[in-house]
Structure formats: C-alpha cells, structure tokens
Number of protein chains: 4
Amino acid sequence: MTKKDQIRIAAIKVIAKEGFFNATTDKIAKEANVAVGTLYNYFSSKEDILDYIFQIECKKRISYYTEIKNSNREWFAKIEEILRFHFQEMIKDPHIAKIILAERINASRSKLISLDSFAKLPMILADILEEGITEGQIRQCDVKIMSLIIFGFIESVMGEFIINRSEQFLHKALKEICDLLKKGLAK
Amino acid sequence: MTKKDQIRIAAIKVIAKEGFFNATTDKIAKEANVAVGTLYNYFSSKEDILDYIFQIECKKRISYYTEIKNSNREWFAKIEEILRFHFQEMIKDPHIAKIILAERINASRSKLISLDSFAKLPMILADILEEGITEGQIRQCDVKIMSLIIFGFIESVMGEFIINRSEQFLHKALKEICDLLKKGLAK
Amino acid sequence: MTKKDQIRIAAIKVIAKEGFFNATTDKIAKEANVAVGTLYNYFSSKEDILDYIFQIECKKRISYYTEIKNSNREWFAKIEEILRFHFQEMIKDPHIAKIILAERINASRSKLISLDSFAKLPMILADILEEGITEGQIRQCDVKIMSLIIFGFIESVMGEFIINRSEQFLHKALKEICDLLKKGLAK
Amino acid sequence: MTKKDQIRIAAIKVIAKEGFFNATTDKIAKEANVAVGTLYNYFSSKEDILDYIFQIECKKRISYYTEIKNSNREWFAKIEEILRFHFQEMIKDPHIAKIILAERINASRSKLISLDSFAKLPMILADILEEGITEGQIRQCDVKIMSLIIFGFIESVMGEFIINRSEQFLHKALKEICDLLKKGLAK
DNA sequence: GATGAATGAGAGTTCATTCAT
DNA sequence: TATGAATGAACTCTCATTCAT
C-alpha cells in the first residue's frame with residue numbers, strides 16, 4: 001500500500017470515530033504511524049485528506065454503478081444489485097459509511113472538497129428507472145424523486161447500521177425496499 | 001421572545017450557514033445582538049446551544065406526530081399528514097433542516113447532546129404502520145424498516161430542498177412517496 | 001498607555017533584540033505581560049505589529065521634519081536640526097533604530113507593511129536643499145542624491161551607535177557631517 | 001564551477017528575492033538543481049550558506065580595496081575607484097547588494113556568521129583618508145566618521161538602485177559624492 | 001557523493017470560556 | 001443581568017535537518 005493510502009485509511013478511522021473537526025492532524029498521523037509532517041508531503045491540508053477520501057469512495061461507487069447500469073439485466077435486478085453492493089461495502093468498512101453520512105454536508109461548504117461526483121450517484125439510479133419506464137416495466141413516475149427515495153433509504157439504513165452493526169438487519173432492509181419498489185412501481 | 005430563544009434563533013442561522021464548528025460564539029452573539037458573555041448566562045457551553053436547538057425542534061415534532069398518530073384517521077392519511085407537516089416546517093425555516101441533517105451525527109458523539117428523543121420519530125411512524133397492519137389495511141412488512149425508508153426519504157428531500165429551494169419540488173415529492181407507499185404497501 | 005501601545009513597546013524591544021523572524025508571538029506577549037491571544041485583539045497578525053511600529057515612528061519623523069522644513073531658518077540650520085533630532089531619538093530608544101535598519105528591507109517584501117511614508121523622509125531633505133539652491137546659498141547639485149547621502153549617513157551612524165552606544169560619538173558624527181556639507185555645498 | 005559555488009549562486013538569488021527567513025532550503029536546492037540533502041554535504045546549516053556568501057563577497061571587496069589602497073594614486077582617485085568598483089559590482093549582480101543590505105544586521109545576531117571582515121571595509125577607507133591627511137591633501141577630520149559617511153552613502157545608493165535599477169543614476173551618484181568629498185575635505 | 005521521504009519541534013493563529021466591571 | 005477584554009490551550013501547518021538507499 002502506498003503511504004498516501006496508508007494515511008487515507010488512518011484518516012477514515014479517526015474521522016469516523018471523532019468527526020472531521022475533532023480528528024486532529026496529530027491523531028491521524030499517530031494512527032497512520034507517521035509524523036505530522038508526512039501528512040503534508042502527500043496532502044496540502046487536512047481538508048485535502050477528506051477530499052481524497054471522498055474521491056476514492058466516489059470513484060469506486062460510480063464505476064460500479066455504471067457497470068451495473070450498462071449490464072444486461074432488467075431494472076429491478078439492477079437496483080437490487082446496487083443496493084446489495086452498497087450494503088456489502090458498509091459491512092466491509094463501516095467507518096466510511098459514517099464519514100459520508102456525517103461529513104458530506106459540512107464538506108460541501110468547502111470549495112476544496114468537490115462533491116460534484118457524489119451528486120452523480122442518484123442520477124445513475126434515475127437513469128435505470130427511466131429505462132424501466134421506457135421499456136414499459138415501470139409505471140409513470142418522477143424518476144428523480146424516486147431515486148432520492150432509494151438514496152435516502154440507503155442513508156437511513158447506513159445510519160441504523162452504524163448503531164446496531166447487524167448484518168441480518170441489512171438483509172431484511174434489502175428485502176423490504178425491494179418488495180416496496182417492485183410492488184409500488186409496477187404498472 | 002425570551003433572550004434564550006433570541007440566542008437560539010441566532011445560533012440556528014449561523015450554524016446553518018457555517019456549520020457547528022465554524023459557528024463561533026462571537027458570530028452567534030453578534031447575530032443575536034448580545035455580548036459573548038451573555039450566551040453563558042443562558043447556556044453552559046456552545047454545545048449546550050446546539051442541544052437546546054435539537055430539543056426544541058424535537059419536542060415540536062414529537063408532539064405533532066403524537067397528535068396525528070392519535071387522531072382518528074386511516075394510516076395513509078396520517079403518514080401523509082406527517083410528511084406534509086415536515087415539508088411545511090422546511091419551508092418555514094430551511095435553516096433548521098440543514099442543521100438537523102448536517103450536525104445530527106456529529107452531535108451524537110457528544111454526551112451533552114441528547115438525541116434519544118430524535119430516535120422516537122421513526123418509532124411513531126412505525127406505530128402508525130403497525131396499526132395499519134393490525135387493521136388489515138397494509139400488507140405484512142417490517143414496520144421499523146419501512147419507517148426508516150420514509151424517514152430517509154424525508155432527509156433526502158431535505159437535502160435536495162436545501163439546494164434548490166423549490167416548493168413545487170416538495171409537493172411533487174410528497175405525491176410520489178404517497179403513491180409509492182399506497183401502492184407498495186397495499187394488501 | 002493603551003494596551004495596543006503596551007504591546008508595541010514590548011514588540012520593539014523583542015524585535016530589536018532578536019530580529020523580526022526570531023521574535024515569536026509568545027516572546028512578545030510575555031514581554032508585554034499579556035497572553036498571546038491578546039495580541040490578536042489589537043493586531044491582525046504578527047506583521048501587523050511591525051507595520052504599526054513603522055507607522056508610529058514614521059508619523060513622528062514626518063511631522064517633525066515637516067515642522068523643521070517650514071520653520072524660518074536657513075538650509076543648514078534645518079539639516080542640522082533634523083540630524084540632531086534623529087540622534088536624540090536614537091539615544092532615547094536605541095531599539096527602534098535597530099529595527100528600522102534591520103527590518104526595513106525585509107518588511108518591504110510584505111504588502112501588508114506600508115513603507116511608502118518612509119520614502120517621504122529623504123524627499124523632505126531634498127526639499128530643504130532645493131530651497132538652499134534657489135536662495136543662492138548652495139551650489140548647484142542633485143538634491144535627490146545629496147539627500148540620499150545624508151540619509152545613508154544617518155543609517156551608518158545608527159549602525160555604529162547600535163554597537164558602541166557612545167553618545168559622544170553621535171556628537172562628533174553630527175559635527176563632521178555638518179562641516180562636510182557646509183564646506184562641500186558652499187557656492 | 002564547484003557544486004558549493006553552484007549552491008551559493010542559487011542561494012544568493014533566492015535569498016535576494018525572498019529574504020533569508022523565507023528562503024527555504026527546498027527553494028535553494030531547487031534553484032541550484034540539487035537535492036536538499038546535497039546542501040548539507042557542503043554546508044553545515046542554512047546559516048552557513050549565508051555565512052559563505054558573506055565571506056566570498058567580503059574577500060572580493062577586501063582584496064580589491066587593499067589593492068587600491070596600496071596603489072600609487074592620490075587619496076581622491078583611490079576613493080573614487082573604490083566607489084566605482086562597488087557600483088560595477090552592483091550592476092553585475094544586484095542580488096548580492098540586496099542581501100548585504102537586508103541580511104547584514106540580522107546575520108550579525110548569529111554567532112555562526114562572522115561579519116568581522118565586513119567591518120574591515122570602512123577601516124580601509126579610513127586608512128586612505130588618513131594618508132590624505134598625513135600627506136597634507138585633506139583637512140583635519142575624523143577619518144572614521146568620514147568613512148562611515150562614504151559607506152552609508154554606498155548603502156543608500158544600493159537601496160535606491162535595488163528599486164530603480166538605473167545605471168545612469170549610479171553614475172550621477174558617483175559624481176555627486178566625489179564633488180562633495182573633494183570640495184568638503186579640501187584644505 | 002547524491003538523493004528526497006520522513007521527521008517533529010515549533011511557529012502563528014483561533015476561539016470557547018471566564019470574570020471584573 | 002449584561003458586557004467584552006483577556007486568556008491560553010490547542011489547533012493546523014512549516015521547514016531545517018537527517019539518514020537509509
């Protein structure tokens with residue numbers, strides 16, 4: 001692992017535990033087993049670290065979302081797959097879920113941190129739903145709002161998972177949202 | 001208005017604009033047209049102000065939720081009314097929506113700030129759904145997860161509204177979630 | 001004395017002893033018997049303190065120079081008086097001489113620190129010489145360069161005085177430059 | 001050119017532009033096209049570089065001054081030649097003039113940097129004047145102070161030249177000081 | 001000799017909190 | 001009760017110096 005990623009991973013842990021503002025550069029450096037100065041060999045500021053964290057996570061999600069979107073499945077399988085992917089990521093690294101949830105809005109105040117790409121995620125969901133409508137598999141609806149519903153659900157579940165850490169809960173949650181969408185969006 | 005609430009209102013404005021950590025006591029005091037020292041006559045710390053903000057908002061919501069829950073309407077009308085209430089509040093004071101969204105998780109790190117009461121909100125939603133099931137109006141489902149879906153939706157919409165500030169968007173969003181729930185939860 | 005000037009005086013002492021870059025805010029605060037934070041209640045930055053020091057000194061000199069320039073004396077008495085004033089100031093506060101000498105050039109790199117007014121001093125000297133020429137008391141010469149000579153002399157003497165601290169030296173120096181100018185500029 | 005001098009030249013450029021304290025070792029190394037570590041193969045510290053710069057410049061001046069002093073010319077021609085030499089050096093490398101002016105006093109605080117040799121320069125001027133008196137060509141005067149006048153003039157002119165960079169100004173300045181000295185020191 | 005990533009002490013600055021008025 | 005100047009711990013960031021390669 002590169003030193004930059006070593007710092008990134010450490011920062012994720014500390015920021016998730018303490019929040020961005022309480023995550024001091026000292027703490028991050030200590031967690032990463034490097035000196036404070038080393039942080040600044042790889043990042044121009046503390047904010048830059050958060051930016052990098054978001055970038056990496058975003059890239060990961062967008063590339064996966066896009067892959068699924070372009071795959072040869074029906075709308076419902078695609079949505080289900082995206083949710084499944086999200087939940088798997090949460091289980092793999094619960095810290096990152098917390099950071100995204102907790103810091104996104106405050107991060108958006110900073111010009112340094114570009115969250116444009118994060119905004120693309122609901123758009124991909126919307127595209128998938130749009131296809132479903134065009135192909136006559138889904139009833140007429142506002143796909144943008146519908147994708148917000150799905151996204152909000154993901155975040156709600158994230159929030160709950162951060163607290164209870166139950167994988168079983170994730171599976172049940174996945175089933176419930178799928179049932180709701182299937183039935184609620186049928187023609 | 002009491003001086004305490006004068007400070008609360010000012011704090012909401014500043015925190016919404018700058019985020020809790022960037023909202024200095026100086027800025028809050030200036031916005032409230034009082035001296036910094038005055039803050040400490042009414043609050044024991046900066047965090048205490050945030051706590052008070054959450055308390056007030058929470059009380060407002062819980063009392064309204066409970067009222068609606070106990071009213072003599074069918075499940076669907078109750079849920080719709082709760083959403084409508086939320087959206088109205090958002091329009092009345094968009095700042096508070098932003099704060100709840102942005103600071104809730106970071107606030108939860110502080111022992112000072114009691115967010116227990118906020119956790120009650122989804123429970124009330126769950127109660128309403130539970131009733132719907134018992135009375136045979138809704139199909140079997142996990143009401144706790146279903147209430148998370150609704151709650152997540154509220155927050156997603158908040159997030160979008162903070163950006164676009166379109167009231168029309170709120171109305172469309174309300175219609176979409178209602179349609180989805182009605183159809184998706186039908187027996 | 002105002003607190004701002006209390007800090008200014010302390011800063012002069014510390015900067016003279018250690019140089020601007022080695023004069024830490026901690027040292028200045030300690031010398032001024034205030035907390036570090038207090039510095040920032042009166043100055044926006046460490047540079048701002050140096051700026052203020054220069055401003056005060058400059059104002060003092062310009063007002064005196066101008067007064068002398070406008071007085072009803074012949075050119076030679078005016079120049080002598082200005083030099084005498086300078087040397088008196090040096091004796092009263094040798095620190096300030098050192099700072100002006102040591103920090104002026106580095107200060108000029110900063111946009112914060114306005115040294116424009118310092119540039120006016122040689123101009124006043126030049127004006128006095130110009131008058132001397134017009135009135136036929138001085139031979140033709142480049143007054144701007146001649147004022148640089150006088151100014152350079154002042155600074156040289158400052159430099160020497162910082163080291164030897166001999167008042168007698170100052171008096172001798174005054175006599176020598178006066179003799180040189182009187183004889184060298186005669187018609 | 002040796003690597004040590006390559007570094008010296010680079011340091012002169014950077015220090016002249018930014019001042020000693022803002023001239024980081026990184027910048028100096030980059031300007032010299034070597035790695036930071038390489039600096040420390042030739043110099044024991046950053047201050048040591050400045051020391052070396054002063055040493056070289058000083059040696060250059062002292063050897064020239066001495067040569068002129070020992071030459072077979074009358075006092076006035078010698079002084080004129082020394083000034084001419086100084087101004088030529090300034091034109092050849094304006095950076096070095098700025099450094100000497102800006103850093104000399106702060107450098108004097110450091111025990112590492114030996115400026116003793118710089119103090120010799122006015123002494124040589126004094127020697128030349130002394131000879132002039134002994135040989136009956138100059139009137140009685142304090143040669144030490146008179147040499148300070150000449151030295152101060154050189155520095156004043158340096159300061160002005162740094163700003164306006166006009167060679168013509170240098171020539172006029174030379175003429176004026178020569179006229180002043182010739183007339184002012186005559187018997 | 002040459003490198004440049006790693007270091008960590010120390011810098012300037014901020015800001016929640018206090019308390020004499 | 002209201003004030004706001006004073007506080008100083010704690011923050012982010014810098015940079016001269018080192019040393020394994």
Side-chain angles (χ1 to χ4, degrees), chain A residues 2-4 6-7 20-30 32-49, chain B residues 2-4 6-7 18 20-30 32-50, chain C residues 2-4 6-7 20-30 32-49, chain D residues 2-4 6-7 18 20-30 32-50:
Chain A
T2 67
K3 191 143 285 193
K4 188 166 186 179
Q6 179 182 332
I7 292 167
F20 180 70
F21 281 92
N22 295 318
T24 66
T25 46
D26 273 0
K27 286 177 193 164
I28 293 172
K30 188 165 267 180
N33 282 316
V34 297
V36 219
T38 306
L39 301 185
Y40 291 86
N41 290 335
Y42 295 94
F43 298 95
S44 64
S45 69
K46 190 182 144 185
E47 279 202 324
D48 193 30
I49 301 179
Chain B
T2 69
K3 192 148 279 192
K4 188 166 186 179
Q6 180 182 333
I7 294 168
E18 318 239 18
F20 180 70
F21 281 91
N22 296 318
T24 67
T25 46
D26 271 1
K27 286 179 195 162
I28 293 171
K30 185 166 266 179
N33 282 317
V34 297
V36 222
T38 307
L39 301 185
Y40 290 84
N41 291 331
Y42 297 94
F43 299 95
S44 65
S45 70
K46 190 182 145 186
E47 278 201 325
D48 194 29
I49 302 178
L50 188 57
Chain C
T2 67
K3 190 141 284 190
K4 188 168 186 177
Q6 178 181 333
I7 293 168
F20 180 70
F21 281 93
N22 296 318
T24 65
T25 47
D26 272 0
K27 286 177 193 163
I28 294 172
K30 189 166 266 179
N33 282 317
V34 297
V36 222
T38 305
L39 301 185
Y40 291 87
N41 289 335
Y42 295 93
F43 299 96
S44 65
S45 69
K46 190 182 144 186
E47 277 202 326
D48 193 30
I49 301 178
Chain D
T2 67
K3 191 148 281 192
K4 188 167 186 176
Q6 179 182 332
I7 292 168
E18 317 239 19
F20 180 69
F21 280 91
N22 296 318
T24 66
T25 46
D26 270 2
K27 286 179 193 160
I28 294 171
K30 185 167 267 180
N33 282 316
V34 297
V36 223
T38 306
L39 301 184
Y40 289 83
N41 290 331
Y42 296 95
F43 300 95
S44 65
S45 69
K46 189 182 146 186
E47 280 201 324
D48 194 30
I49 301 178
L50 187 58

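Order of the sequence lines sets the chain letters (A, B, ...), proteins ahead of strands, with each chain counted from 1.
Here the P atom of nucleotide dT14(F) and the NZ atom of Lys46(A) are 15 Å apart, to the nearest Å. One can place CG of Asp26(C) at 13 Å from C1' of dT7(F), the figure rounded to the nearest angstrom. Atom CD1 in Ile7(B) sits roughly 12 Å away from atom P in dT1(F) (whole-Å rounding). Atom pair Phe21(C):CZ and dG10(E):P shows a separation of 19 Å (rounding to whole Å applied). Here dC15(E) presents its C1' atom at 14 Å from NZ of Lys30(B), a figure rounded to the nearest Å. Atoms CG (Asp48(D)) and P (dT17(F)) sit 10 Å apart, rounded to a whole Å. Rounded to whole Å, the distance from CD1 on Ile49(A) to P on dC13(F) is 9 Å. Between the CZ atom of Phe20(A) and the P atom of dC11(F) there is a distance of 13 Å, rounded to whole Å.
Checking side-chain atoms of Glu18(D) against main-chain N and O of Ala23(D) turns up no donor-acceptor pair under 3.5 Å.
Closest to the Ser45(B) side chain, of the nucleotides dG12(E), dT12(F), dT17(E), is dT17(E). Nearest nucleotide to the Tyr40(A) side chain, out of dG12(E), dT17(F), dT14(F): dT14(F).
Remark: Asn41(A) CG to Lys4(A) NZ distance equals 11.5 Å, nearest 0.5 Å. Expressed to the nearest 0.5 Å, how far CD1 of Ile49(A) lies from CZ of Phe20(A) amounts to 7.5 Å. Remark: Ile28(C) CD1 to Leu39(C) CG distance equals 6.5 Å, nearest 0.5 Å. Rounding to the nearest 0.5 Å places OG1 of Thr25(C) at 11.5 Å from CD1 of Ile7(C). For the atom pair CG (Asn22(D)) and CZ (Phe21(C)), the distance works out to 4.5 Å, reported to the nearest 0.5 Å.
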Check nucleotides 3-5 of chain F for protein N or O atoms closer than 3.5 Å to its own N or O atoms and list the pairs.
{"from": "dT3(F)", "atom 1": "OP2", "to": "Ala35(B)", "atom 2": "N", "distance (Å)": "3.1"}
{"from": "dT3(F)", "atom 1": "OP2", "to": "Thr38(B)", "atom 2": "OG1", "distance (Å)": "2.6"}
{"from": "dG4(F)", "atom 1": "N7", "to": "Gly37(B)", "atom 2": "N", "distance (Å)": "3.1"}

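For Lys30(C), the NZ atom counts as loosely surrounded, since its 6.0 Å shell holds 12 or fewer non-hydrogen atoms of other residues, nucleotides or ligands.
Scanning for ring pair (Phe, Tyr, Trp, His ring centres under 6.0 Å) contacts around Tyr40(A) gives an empty result, with sequence neighbours left out.
Direction change of the helix axis from one end of the helix from dA2(E)-dT21(F) to dT21(E)-dA2(F) to the other is 0°, with five pairs defining each end axis (rounded to 10°).
Base engagement by Thr25(C) is indicated by at least one non-hydrogen atom pair under 4.0 Å involving a base atom.
Lys3(C) approaches Thr38(C) most closely through the heavy-atom pair CD-CG2, 4.1 Å.
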